[in-house]
Amino acid sequence: MVLPDDFYCRDEAERRWLSVCGELASRFAGRAEAHDREGSFPFENFEELRQAGYLTLTVPRAYGGSGAGVFLMVLCQEALARGDGSTALGAGWHQMTLGRLAARPTWPAAAVEKVFRDAAERGALINGAVSEPATGSPSRGGRPTTAARRVGDGWVLAGRKVFTTMAPGIATFVVSASAEGIEQTASFLVPRDAPGVSIVETWDALGMRASGSHDLVLTDVPLPAESLVEPAPRPDGAADAGAEVRGGSTAGWGLHIPATYLGVARAAADDAARFAVRRRPNSLQGSIAEVPHIQEKIGEMERQLLAAYNLLFTLARRWDDDPAARQAMAGAVAACKTLVMDAVLHVVDLAGRVVGAAGLTRGVPIERYYRDVRPGLHNPPMEDAVLAALARQAIRQAEAAP
Ligand SMILES: Cc1cc2nc3c(=O)[nH]c(=O)nc-3n(C[C@H](O)[C@H](O)[C@H](O)COP(=O)(O)OP(=O)(O)OC[C@H]3O[C@@H](n4cnc5c(N)ncnc54)[C@H](O)[C@@H]3O)c2cc1C
């Protein structure tokens, strides 16, 4: 690698987390092939994350967490993904859900307290269940077909969610729904053990096979009134004057996605370089690492990774340091995911070319890395939406220019 792993770290706490995540990643790497092959959920990896205190990383200190910002989250996510992309992807959704809530606690206070305490005290996993077959990606603005109807003081929820990462290990799902009498899309906290909640194991995909991104089925799930967290109910019907103060963009937390895929690409580049120095076909005096076209590919992987790391870590750091700049950073943060994904896809392709046909065999890590990065294209933000937003901004600026 061009720069040391801790190049962007600022203090000992960050270096310590990096080292903890590096050790966890080494253990995850030893299990990754089996979970990938079986499509099984890596419960033991999440137990180790829990033991290491990682599942409280973005919980505010006031609730017993580490109070991490976006930078520390992406630093750790990238390091974990080098060992197992699926585990890192799941852990990233958990960190993002909690980090966003810490940055913008718009839910009722009791719900905020419960979610943070559950994570801090027992490492309870949480994730959003918002995608549905009818809406596709909810980032497109489609209305959920999952319906919440009022029954007595509470609610009854019915519907089906797809791509619910970590479904086998989740304690609380944050479920989007169309709720009776509420115009905006609503969010409900749904405990895994509520009656009528079931997981259907549909996730049998090309990549991130151990992420447990199954269907969540809600069959007339009875929920108490306080499970509605968004829009937060106001007893007197008054406007939420506090929202403006607490508000602001939380887009920076989405950077866990490029961080995870970047970690997988880093592992692929390292694997390819190790392969190159060991592979000594008898047509050569030495290893293939001495061949110019192999060196060119290794150099290109490093160049691509250097730019991707720099963009990701610089934006994440600025996000934490400069809240006033967050609104202005929205386009850059969204574009970061697509730029990093371009680099990631290019790097795993080059890594595969370095390794050659041996890299096509099941069980060889490079083959898994190649498959594991592909789902990144279909995690938000979507590329067409990013390009349209960047274009709108540039055109507005051109129109306003003298
Ligand atoms: C590994 C993985 C993990 C995931 N984890 C979760 C999770 O934990 N929770 C969760 O809720 N979701 C999760 N998702 C779902 C994800 O966020 C998307 O909802 C899902 O991938 C579907 O997005 P899509 O673009 O493929 O589908 P669609 O939205 O159905 O799009 C299909 C195609 O049509 C195009 N398209 C659709 N609508 C429009 C439009 N309005 N304008 C322009 N083009 C359009 C898209 O660009 C695409 O080419 C996960 C997905 C993956 C792959």
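As the structure is a computational prediction, the values presented were derived from the model and not from experiment. In listed order, ligands and their atoms are each counted from 1.
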query = Is there any side-chain hydrogen bond (donor to acceptor under 3.5 Å, both in side chains) pair reaching into residues 383-402, and which pairs are they, with sequence neighbours excluded?
reply = R140-D384

note = Exactly one candidate in S86, S211, S40 meets side-chain hydrogen bond (donor to acceptor under 3.5 Å, both in side chains) with H35; the answer is S40

message = List the residues meeting salt bridge (Lys or Arg N to Asp or Glu O under 4.0 Å) with R280, not counting sequence neighbours, and say none if there are none.
response = none

request  = Give me the one residue out of S137, S176, P380, S187 that meets side chain to side chain contact (heavy atoms under 4.5 Å, CB included) with V130.
outcome  = S176

key: Contact residues of ligand 1, where a non-hydrogen atom lies under 4.0 Å away   = L89, W93, N127, G128, A129, V130, S131, G136, S137, P138, R140, F163, T165, W203, S213, P375, H378, N379, P380, M382, D384

ask   = How would you list all residue pairs meeting salt bridge (charged side-chain N to carboxylate O under 4.0 Å, His left out) that involve residues 252-272, not counting sequence neighbours?
value = R266-D270, R266-E302, D271-R274

More than 12 heavy atoms from other groups under 6.0 Å of CD on E296 = no

